[in-house]
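Just below is one structure, and these are the notes that go with it.
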Amino acid sequence: MDHEADAYRTDLMTITRFVLNEQSKYPESRGDFTILLSNIVLGCKFVCSAVNKAGLAKLIGLAGETNIQGEEQKKLDVLSNDVFVKALVSSGRTSVLVSEEDEEATLVESSKRGKYCVVFDPLDGSSNIDCGVSIGTIFGIYTMSHNDEPTTEDVLKPGNEMVAAGYCMYGSSCMLVLSTGTGVNGFTLDPSLGEFILTHPDIKIPKKGNIYSVNEGNAQNWDGPTTKYVEKCKFPKDGSPAKSLRYVGSMVADVHRTLLYGGIFLYPADKKSPNGKLRVLYEVFPMSFLMEQAGGQAFTGKKRALDLVPEKIHERSPIFLGSYEDVEEIKALDSPSSPTTPPLSLLLPDYNILLSILFLQTHFPISDAIAEIDAMLARNSLIGEDEELMPSEISRRVLMAQKRYIGYETLRRDMVPCQKPGASYYDCRSGQANSYNRGCETITRCARDTSDITT
Ligand code: FDP
């Protein structure tokens with residue numbers, strides 16, 4: 001008889017035991033985190049049981065309310081939110097709670113306050129409830145940095161200041177994945193014991209994966225780098241096999257698969273939603289925290305996701321997360337030095353405007369301006385060496401190239417010629433624009449999909 005194997009099977013590492021073990025590494029610790037986590041675990045068990053019974057108990061269906069994002073709230077969402085808010089407040093270890101379902105943050109009354117702030121989505125992926133597809137709870141935990149009255153400012157901090165993050169997936173099994181900043185561990189609920197048991201110790205995401213996960217129905221509105229990346233997944237030019245597409249449309253399920261199998265999950269910005277769909281505090285940050293802890297990466301399209309500093313509690317951000325090397329590829333597409341960044345001439349709305357800019361800006365004779373433009377266009381291989389083209393044909397090719405690169409509509413919407421007298425550059429007028437032009441004289445950045453113009 002293999003006693004050692006037997007012993008292994010009977011020596012069950014429950015989540016509470018696991019966290020207590022972790023706690024014992026910090027002698028100054030008073031067990032506050034363990035208490036907080038047990039209350040989160042209780043909430044997860046309750047929601048798991050409610051989700052399992054939903055079909056029978058008629059918990060599915062509309063509750064007749066819409067949440068603050070204008071989505072229809074389901075009964076299970078309402079229930080899960082109530083359960084978590086009550087579990088967290090009664091732990092006596094929290095001061096500020098932010099839930100996807102509540103417009104305002106909950107500031108815990110003084111007699112029940114503690115040193116943690118919890119941001120959470122009690123039931124993410126709610127559009128999947130009615131058809132029994134996996135859904136989940138996502139949470140992130142911050143510590144209060146002072147003893148004054150709590151405010152929402154206490155959670156408007158970058159994700160890299162989170163002390164723990166996790167999710168619980170209500171799927172074919174109920175799994176809780178947790179990181180306290182020292183790796184990622186997965187626990188599966190044993191329904192007969194009512195305990196989460198460590199089943200996936202020290203999860204590491206594969207360095208590269210062969211799955212990409214995105215709502216491709218939004219493709220017509222994507223920007224250049226996203227379109228290019230997804231094209232690359234489907235039609236790789238380097239001889240590597242095409243990636244498989246998997247998209248549940250439930251973040252917890254899609255991220256869970258990405259964590260275990262590798263690959264990339266993306267919810268990018270698009271023309272309709274310039275900030276993407278997913279919420280920074282209780283979707284992007286916790287999942288990015290877990291990805292990094294498992295050896296992967298999370299990128300917003302501009303920067304490391306965990307370095308974002310949210311200004312509002314329900315702020316959204318585009319997100320690309322997953323295997324280290326897959327995210328590197330996305331970053332390379334976005335880098336300004338990358339050859340895929342549209343060159344200056346392609347960013348300008350059309351040949352005639354380009355011409356007038358050069359003319360006004362340099363006071364060159366018009367013939368020199370035309371020669372300059374021709375040289376720029378030739379460098380971009382729009383014109384063959386022996387070709388002699390009329391300006392109208394050059395203009396047509398410029399427009400086609402612009403469309404290929406970034407979507408002409410975006411460009412037109414975001415950029416207008418600067419109106420200041422004597423100025424020769426472009427202004428941003430998009431609400432999303434991150435514009436820092438100085439009297440239209442230096443740099444104007446209009447969106448992620450247009451690069452600096454410094455002519
Ligand atoms: P849902 O709308 O069903 O609640 O942010 C919520 C979320 O689901 C995520 O769980 C999921 O990844 C995403 O939205 C799905 O959005 P799309 O339906 O636009 O693909």
Side-chain angles (χ1 to χ4, degrees), residues 44 47 51 54 59-63 65-81 84 98-103 119-140 159 165-171 175 177 211-223 226 230 245-259 263-288 290-291 298 300-301 305 308 310 312-322:
C44 293
V47 175
V51 168
L59 281 166
I60 55 176
L62 304 182
E65 291 176 51
T66 51
N67 70 11
I68 47 126
Q69 269 93 20
E71 300 159 338
E72 287 167 333
Q73 234 177 27
K74 313 269 179 176
K75 278 183 188 171
L76 263 181
D77 304 32
V78 181
L79 184 71
S80 308
N81 192 40
F84 275 100
V98 170
S99 163
E100 197 246 5
E101 298 295 340
D102 296 325
E103 185 166 2
V119 290
F120 60 103
D121 186 345
L123 205 54
D124 190 76
S126 48
S127 62
N128 289 296
I129 294 174
D130 291 4
C131 59
V133 166
S134 300
I135 43 184
T137 299
I138 310 175
F139 59 90
Y167 61 80
C168 186
M169 186 177 69
Y170 313 110
M175 232 190 124
V177 174
I211 296 175
Y212 73 103
S213 184
V214 64
N215 183 345
E216 250 191 295
N218 295 330
Q220 61 170 324
N221 292 322
W222 288 343
D223 62 16
T226 306
V230 173
L245 168 65
R246 297 281 183 275
Y247 188 69
V248 177
S250 173
M251 191 187 194
V252 174
D254 284 316
V255 170
H256 185 65
R257 183 200 53 249
T258 308
L259 194 61
I264 191 155
F265 167 84
L266 46 151
Y267 208 112
D270 63 42
K271 270 189 247 166
K272 284 196 193 146
S273 322
N275 295 321
K277 177 181 182 188
L278 302 178
R279 271 70 103 184
V280 171
L281 273 181
Y282 39 80
E283 291 182 312
V284 170
F285 276 173
M287 295 310 202
S288 301
L290 291 165
M291 276 296 156
T300 64
L308 274 177
K312 294 185 211 129
I313 57 175
H314 296 293
E315 196 167 304
R316 300 170 196 257
S317 167
I319 186 70
F320 303 80
L321 53 78

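Start at 1 with the first residue, then count along the sequence. All ligand and atom numbering here is 1-based and tracks the order in the structure.
Close approach of ligand 1 to S126 (heavy-atom distance below 4.0 Å) involves ligand atoms 1 (P), 3 (O), 4 (O). Against a heavy-atom cut-off of under 4.0 Å, Y247 is close to the following atoms of ligand 1: 15 (C), 16 (O), 17 (P), 20 (O). When each atom of ligand 1 is checked for a heavy atom of S250 under 4.0 Å away, the hits are 10 (O), 12 (O). Against a heavy-atom cut-off of under 4.0 Å, N215 is close to the following atoms of ligand 1: 17 (P), 19 (O), 20 (O).
Looking at L278 against ligand 1, only its side chain comes within 4.0 Å, counting heavy atoms. In S127, the parts holding a heavy atom less than 4.0 Å from any atom of ligand 1 are both the side chain and the backbone.
Scanning all heavy atoms of the two residues, the minimum distance from P286 to I138 falls at CB-CG2, 3.6 Å. The shortest heavy-atom contact between N128 and G249 is ND2-O, 3.2 Å. Shown here for P268 and V214, the closest heavy-atom pair between the two residues is CD-CG2, 4.1 Å. E103 and I313 get closest at one heavy-atom pair: O-CD1, 3.5 Å.
With 3.5 Å as the limit, one finds a donor-acceptor pair spanning the side chains of S213 and R257. Judged by distance alone, the side chains of Y282 and S99 never bring a donor and an acceptor atom under 3.5 Å apart.
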**Q.** Stepwise side chain to side chain contact (heavy atoms under 4.5 Å, CB included) check, L308 with F285
**A.** CA-CA 9 Å; L308 274 177; F285 276 173; 3.9 Å; yes
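Within 6.0 Å of the CD atom in Q220, the count of heavy atoms belonging to other residues, nucleotides or ligands does not exceed 12.
Ligand 1 has no N or O atom lying under 3.5 Å from any N or O atom of F265, backbone or side chain. Taking distance alone, with nitrogen or oxygen atoms compared against 3.5 Å, N128 stays at or beyond that limit from ligand 1.
By the 4.0 Å heavy-atom criterion, D124 is counted among the residues contacting ligand 1.
Residue nearest to atom 5 (O) of ligand 1, selected from R279, M251, E100, E283: E283 (by heavy-atom distance). The residue from R316, K277, M287 that puts a heavy atom closest to atom 16 (O) of ligand 1 is K277.
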